[in-house]
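Single-structure report; data block below.
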Amino acid sequence: MPERRPFVRLPTDVFPVNYGLCLTPDLVDFTFEGRLEAAVEVTQATNQIVMNCADIDILTASFVPEGGEGEEVNATGFNYQNEDEKVTLSFPSTLQKGSAILKINFVGELNDKMKGFYRSKYASPSGEVRYAAVTQFEATDARRAFPCWDEPAIKATFDITLIVPKERVALSNMNVIDRKPYPGDAGLVEVKFATTPIMSTYLVAFVIGEYDFVEAQSSDGVLVRVYTPVGKAEQGKFALEVATKTLPFYKDYFDVPYPLPKIDLIAIADFAAGAMENWGLVTYRETALLIDPKNSCSSSRQWVALVVGHELAHQWFGNLVTMEWWTHLWLNEGFASWIEYLCVDHCFPEYDIWTQFVSADYTRALELDALDNSHPIEVNVGHPSEVDEIFDAISYSKGASVIRMLHDYIGDEDFRKGMNAYLLKFQHKNASTEDLWDCLEQASGKPIAAVMSSWTQQMGFPIIEVDQEQQGDDRIIKLSQKKFCASGPHSAEECPSWMVPINICSSDDPSSARLKVLLEGPDTTVTLGDIRPDQWVKVNPGTVGFYRLQYSASMLESLLPGVRDLSLPPVDRLGLQNDLFSLSRAGMISTVVVLRLMEAFVNEPNYTVWSDLSCNLGVLSSLLSYTDFHEEIQEFIRDLFTPIGLSLGWDSKPGEGHLEALLRGLVLGKLGKAGHKATLDEARRRFKDHVEGKQVLSADLRSPVYLTVLKHGDSATLDTMLKLHKQADMQEEKNRIERVLGAISAPDLIQKVLNFALSEEVRPQDTVSVIGGVAEASKQGRKAAWKFVKDNWEELHNRYQGGFLISRLIKLSVDGFAIDKMAAEVKSFFESHHAPAAERTVQQCCENILLNAAWLKRDADDIHHYLLQRKAPPV
């Protein structure tokens with residue numbers, strides 16, 4: 001990997017106090033003109049000013065000391081350090097200490113890279129192609145819109161003015177205070193916004209385009225608007241309802257009011273991330289904000305609720321108090337990724353969202369963090385391309401999981417007390433991870449810093465081995481820890497250890513802890529009194545602690561009836577199965593043990609438990625596609641899912657809710673994909689009626705039906721699907737189709753889908769999920785997708801350079817290979833085709849490929865034998 005030059009933060013001899021910024025975007029030529037008048041403070045005399053600047057041409061720059069002390073000094077040189085995204089302005093004389101105004105005139109490009117100040121393509125209601133000008137500055141792209149001190153700790157206030165075509169909507173972080181015709185051009189207006197609070201550059205935003213909106217006032221008096229594409233205001237109502245419930249919830253939880261007069265939530269057509277928490281003007285992908293009562297499925301509603309909850313949490317945690325440097329990014333993202341669930345649970349208790357957290361975030365983080373190529377939650381980063389790389393499942397999902405564990409360890413009341421102290425102490429300032437630990441430690445009296453640094457400063461997590469013995473009425477529990485590795489037991493000399501808060505429950509009250517212990521060393525022994533020999537004992541009730549468990553054989557045996565009779569709570573049934581699955585992948589137990597356990601889930605009613613099972617079976621099915629008994633695992637899947645499929649049926653029954661709808665979609669999709677004949681026949685019948693307009697499919701049935709008919713379909717099926725895609729008015733429906741197109745089986749049709757991914761029909765941020773869908777659907781698809789990525793690397797890399805979409809593309813394309821030599825091929829391709837923002841992802845993928853290959857070699861015969869003998873007639 002090429003050595004980078006050492007990264008240096010900006011000098012501190014000149015810093016901004018206020019940015020007066022005026023921008024004039026040209027929506028035809030895709031350029032913009034800018035005028036900056038920054039009030040600055042010179043702390044030590046200098047003859048140069050160093051700022052961040054990228055893809056911007058400075059025309060003139062001058063320096064005016066305040067109070068008429070001295071003359072205006074024109075800069076005589078602009079030295080751009082492009083690789084470091086900096087510019088040095090040189091002045092002919094020394095700039096003295098004190099206050100001054102720095103004036104800069106500049107021009108830039110409205111790029112098509114979904115970062116900085118960029119253009120976003122949309123169609124007007126009449127179908128004409130138009131462009132909006134929008135921003136995405138996090139992490140380091142404010143410098144593409146105006147020269148600035150683009151570091152989170154260099155906060156200032158902003159006075160923004162936009163000069164825009166008069167029929168366009170212009171928005172920024174603050175409310176509009178003046179809108180008047182522009183003297184130079186009758187077609188333009190000058191829109192002036194109120195002064196912002198002190199804030200970081202990455203949170204500044206502006207949007208110029210055509211939008212409708214719905215509005216409401218939250219109970220604490222904040223004006224909330226949701227901006228939608230023209231003619232779709234109706235689709236903003238759900239997000240509006242969530243936002244107006246959420247703001248008062250956070251105000252109450254943090255005991256700090258929302259500090260701005262308004263908040264806008266806006267749907268942007270071309271958008272790389274899910275959403276961005278710009279202060280007072282939150283931008284979203286259309287699919288993360290817009291809900292159509294008739295055409296949106298339950299999982300979309302839930303996604304919108306979570307994303308709105310996440311971005312609004314940032315208005316306090318991130319915007320009001322900001323991390324000192326990107327090393328502490330996890331504080332922002334881990335925290336928001338945890339509290340979004342708290343918020344959704346408050347707004348929609350019927351979603352059972354905390355159980356879903358375990359399968360969506362917790363298990364995902366455990367999986368990634370078991371790799372040798374994981375990284376600690378806190379990473380020292382410098383160069384912008386390194387910053388992009390840490391927006392990953394460790395910062396978000398592991399971050400959220402350890403905060404959930406911490407919240408449980410402290411208790412809600414002290415946690416809130418500590419949070420409030422933290423927000424009040426650091427509001428309008430910057431903070432580091434240690435600052436939060438201090439506040440929580442003072443509020444709770446517990447050793448927070450000592451416990452938490454073991455989770456944030458070293459990568460990985462422990463596996464806790466548990467054994468027990470009965471003595472009279474006492475149960476003696478032995479606990480020991482060692483690092484869990486995806487490749488099997490950790491064998492290095494010095495083994496890292498964690499401070500692990502461990503809870504233990506028993507069968508008389510499975511959902512609450514009978515005993516809480518902090519495991520500080522390699523092992524400990526605890527005693528539970530008053531427990532009969534026939535009662536079971538379980539560690540980690542609620543699956544809150546961030547670790548894997550390995551029970552002794554007899555302890556595991558005693559827990560299995562609790563899975564069958566459902567006396568173990570859903571989240572514990574899920575955790576037990578997930579732990580065993582990961583132990584089998586690591587070679588610590590045979591995969592057959594897990595298949596046996598899976599068969600015990602035949603009475604399972606819970607959506608999230610099925611969802612996690614389904615995920616793991618998907619991994620196994622993908623692995624076994626590299627054997628000659630792939631059909632046997634399909635049969636296993638059909639057998640496991642048929643009873644629940646029959647009891648749910650195809651149509652929703654009176655009194656059913658959100659979770660039943662999610663479960664039905666999951667089960668039918670699983671059966672259809674595995675070739676369950678009755679499901680396939682019914683899916684084809686319903687698809688035909690849907691296409692002919694006889695009976696439109698309900699939104700919740702569309703994904704499973706589309707998937708099933710494509711998986712077993714031909715070129716006519718694919719053409720019909722592409723036609724539905726073209727006709728779809730909602731981005732959600734287009735995405736729904738894009739994600740399943742890869743299920744088609746014939747090689748020539750797979751190629752057609754891959755070519756479609758790069759066509760004008762697919763928005764640039766969605767190309768990745770089309771290619772990924774092909775790679776994840778089948779062995780042939782994976783091979784074709786990887787070849788396609790290699791053949792089109794220039795275009796793909798140019799399109800997503802630097803962003804996290806490039807990492808996602810690589811991961812989806814190659815993670816599922818299970819042949820040793822593929823790891824070498826992937827490695828060598830990226831040695832000659834550099835993707836700096838995806839270096840770690842490439843290493844993780846190569847590691848996963850080798851792990852898959854080892855798993856297959858180790859367990860394939862046993863699995864095959866088991867699948868055959870479970871069907872054999874009893875002797």
Side-chain angles (χ1 to χ4, degrees), residues 7-26 31-43 46-65 72-92 95 99-111 113 115-118 133 135-163 172-173 196 198-206 278 383-384 387 802:
F7 171 80
V8 189
R9 279 163 71 166
L10 293 171
T12 52
D13 48 8
V14 180
F15 70 87
V17 178
N18 169 269
Y19 291 84
L21 180 63
C22 176
L23 291 168
T24 311
D26 181 329
T31 56
F32 61 88
E33 288 172 24
R35 215 172 56 242
L36 175 65
E37 290 201 4
V40 298
E41 204 55 51
V42 180
T43 54
T46 176
N47 60 357
Q48 55 180 35
I49 296 179
V50 184
M51 304 169 74
N52 290 115
C53 177
D55 304 332
I56 277 178
D57 285 321
I58 293 176
L59 308 175
T60 61
S62 65
F63 181 90
V64 189
E72 180 161 348
V73 190
N74 287 311
T76 46
F78 314 134
N79 177 17
Y80 298 95
Q81 293 104 343
N82 290 335
E83 181 155 319
D84 291 337
E85 302 183 344
K86 288 175 184 164
V87 65
T88 302
L89 309 177
S90 307
F91 293 90
L95 314 176
S99 306
I101 301 286
L102 175 65
K103 299 180 179 178
I104 303 181
N105 288 327
F106 57 94
V107 291
E109 177 202 9
L110 286 176
N111 69 66
K113 300 279 192 290
K115 62 184 188 184
F117 197 10
Y118 71 93
T135 57
Q136 168 60 37
F137 291 164
E138 190 178 25
T140 55
D141 293 316
R143 61 193 67 173
R144 290 173 203 282
F146 55 101
C148 56
W149 287 262
D150 198 10
E151 295 182 359
I154 308 180
K155 289 188 168 185
T157 57
F158 291 80
D159 284 286
I160 290 172
T161 301
L162 299 173
I163 296 167
S172 185
N173 305 81
T196 68
I198 295 175
M199 63 187 284
S200 303
T201 46
Y202 79 89
L203 294 165
V204 173
F206 12 93
N278 317 300
H383 196 273
V387 178

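Note that the numbering runs from 1 along the sequence shown for the chain. Treat the numbers as computed from the prediction; the structure is a model and nothing was measured.
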Evaluate the side-chain proximity of V204 to I160: yes if any heavy-atom separation is below 4.5 Å, no if none is. yes
Check the side chains of T60 and N105 for a donor-acceptor pair under 3.5 angstrom, ignoring hydrogens and angles. yes
With rounding to the nearest 0.5 Å, note down the distance linking CG in L10 to CD in E151. 4.0 Å
Point-to-point distance, once rounded to the nearest 0.5 Å, from CH2 of W149 to OG1 of T12: 12.0 Å
One should read off an interatomic distance between F146 CZ and T201 OG1, to the nearest 0.5 angstrom, of 6.5 Å
Could you tell me if the side chain of N278 sits less than 4.5 Å from the side chain of F206, heavy atoms only? no
Between C53 and Y80, the two heavy atoms sitting closest are SG-CE2, 4.1 Å
More than 12 heavy atoms of other groups within 6.0 Å of I101 CD1: yes
Given the options I104, V87, T88, F78 meets side chain to side chain contact (heavy atoms under 4.5 Å, CB included) only with V87
Backbone N or O of T196 within a donor-acceptor pair of the T157 side chain at under 3.5 Å? no
Tell me, do F15 and T43 make a side-chain contact under 4.5 Å, heavy atoms counted? yes
Correct closest heavy-atom pair for F32 and P25 would be CB-CA, 3.7 Å
Heavy atoms, side chains only, cut-off 4.5 Å: are F91 and Q48 in contact? no
How far does CG of D150 sit from OG1 of T140, to the nearest 0.5 angstrom? 6.5 Å
Please evaluate residues L102 and I49 with respect to the criterion side chain to side chain contact (heavy atoms under 4.5 Å, CB included), reporting the C-alpha separation (whole Å), side-chain torsions for both, the decisive distance (0.1 Å), and the verdict. CA-CA 10 Å; L102 175 65; I49 296 179; 4.1 Å; yes
Between F63 and V42, is there a side-chain heavy-atom distance shorter than 4.5 Å? yes
Just do the side chain to side chain contact (heavy atoms under 4.5 Å, CB included) check on L203 and F137 with the steps written out, would you? CA-CA 7 Å; L203 294 165; F137 291 164; over 6 Å; no
Closest heavy-atom pair and its distance - P65, A100: CA-CB, 3.9 Å
Counting N and O atoms only, with roles assigned by atom type, does the side chain of E83 sit under 3.5 Å from a partner on the main chain of E85, one being a donor and the other an acceptor? no
To the nearest 0.5 angstrom, please state how far the SG atom of C148 sits from the CD1 atom of I56. 7.5 Å
Would a distance-only check, ignoring hydrogens and angles, find a side-chain to backbone donor-acceptor pair under 3.5 Å from T161 to C22? no
Keeping N74 on the side-chain end and S62 on the backbone end, is there a donor-acceptor pair under 3.5 Å? no
Closest heavy-atom pair, A205 versus T135, reported as atoms and distance to 0.1 Å, is CA-OG1, 3.3 Å
Flag side-chain contact, heavy atom, 4.5 Å: L23 against F106: yes
Atom NZ of K86 and atom CZ of R143: how far apart are they, to the nearest 0.5 Å? 8.5 Å
For G116 against R144, the heavy-atom pair lying closest together: CA-CB, 3.9 Å
Flag side-chain contact, heavy atom, 4.5 Å: V64 against K103: yes
Over all atoms of both residues, closest heavy-atom pair of V73 and P92: CG1-CD, 3.7 Å
Test item: V107 and L59 side chains (from C-beta on) under 4.5 Å apart, heavy atoms: yes
Can you confirm whether the side chains of E109 and T31 place a donor and an acceptor under 3.5 Å from each other? no
With no hydrogens and no angle check, is any side-chain donor or acceptor of N79 less than 3.5 Å from a backbone partner on S90? no
